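Here's the structure, in structure tokens; my notes come after.
Labels below follow one simple rule: chain letters A, B, ... track the order of the sequence lines, proteins then strands, and each chain is numbered from 1. All values below come from the heavy atoms of this structure, side chains included, with hydrogens, waters and symmetry mates left out. Keep in mind that what you see is a predicted model, and the values were worked out from it rather than measured.
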Amino acid sequence: MAHWLFKQEPSCYSFENLEADGLTTWDGVANALAQKHLKNAKKGDHAFFYHTGKDKAVVGIMELASDPAPDPADEKLAVVNVKPVKKLKNPVTLAAIKADDAFASWELVRMSRLSVMPVSDTIWKKILAMSEGSV
DNA sequence: GCCAACGTTGGC
DNA sequence: GCCAACGTTGGC
């Protein structure tokens, strides 16, 4: 199972919105590289939900509820359905991530504008550990 | 509010 | 097909 990180501005759509909805279609990914990543995702994969803007933190985990499919509004773009898994015990902030060299090569740090990116098992586990406050 | 990084667009 | 100019995004 692969892991991903999806970014969203919480004033636009937050993890709380997702929890309230139970399921949503993740669309509006226009960036070519982000699209490439999104199309590699599979139903059942897990993804972090990252809040940009004021929060700048990983706040929750979601599961892909479908394989990538063409956006009805734009056939060239892929969209995917996601459902919430759980909210992190503590958000893992960008500042905390940047402070740890283990994340230095991660796209989240290196390419601030990328909205969909892969997450290695190592990083996935480390973020989870940090969210539990044990690192 | 400003700046830097990156993507996209348009002219050649 | 290449490159410069411009716009947008996201962090500080």
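Across residues 5-18 of chain A, not one residue has a non-hydrogen atom less than 4.0 Å from an atom of DNA chain C.
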Show the distances under 3.5 angstrom between N or O atoms of the protein and N or O atoms of nucleotides 2-6 of chain B.
{"from": "B:dA5", "atom 1": "N3", "to": "A:R113", "atom 2": "NH1", "distance (Å)": "3.1"}
{"from": "B:dC6", "atom 1": "O2", "to": "A:R113", "atom 2": "NH1", "distance (Å)": "2.3"}

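In this structure, the side chain of A:D45 engages the main chain of A:A2 through a donor-acceptor pair within 3.5 Å. Here the side chain of A:K89 pairs no donor or acceptor atom with the backbone of A:L128 at under 3.5 angstrom. With hydrogens and angles ignored, the 3.5 Å screen pairs a side-chain donor or acceptor of A:K56 with a backbone N or O of A:G53.
In this structure, A:M111 and A:L33 have side chains that are in contact, with non-hydrogen atoms separated by less than 4.5 Å. Contact of the A:P70 side chain with the A:K76 side chain is not registered, since no non-hydrogen atoms from C-beta on lie closer than 4.5 Å.
What separates CG of A:L94 from P of C:dT9 is a distance of 19 Å, to the nearest Å. To the nearest angstrom, C1' of C:dG10 lies 12 Å from CE of A:M117. One interatomic measurement links the two molecules: CH2 of A:W106 to P of C:dG11, which rounds to 12 Å at whole-angstrom precision. Rounded to an integer number of Å, the gap from CD of A:Q35 to C1' of B:dT8 is 16 Å.
Dashed line: the shortest gap from a side-chain N or O of A:K54 to OP1 or OP2 of C:dG11 is not under 4.0 Å.
Under the 4.5 Å side-chain contact rule for hydrophobic residues, A:L23 and A:F48 do not share a cluster.
The aromatic rings of A:W124 and A:H46 sit tilted relative to each other, their planes meeting at an angle between 30° and 60°.
The other members of the hydrophobic cluster of A:W26, by chain and number, are A:W4, A:F6, A:Y13, A:F15, A:L18, A:V29, A:L38, A:F49, A:V59, A:M62, A:L64, A:V80, A:V82, A:V116 (side-chain heavy atoms under 4.5 Å, ILVMFWY only).
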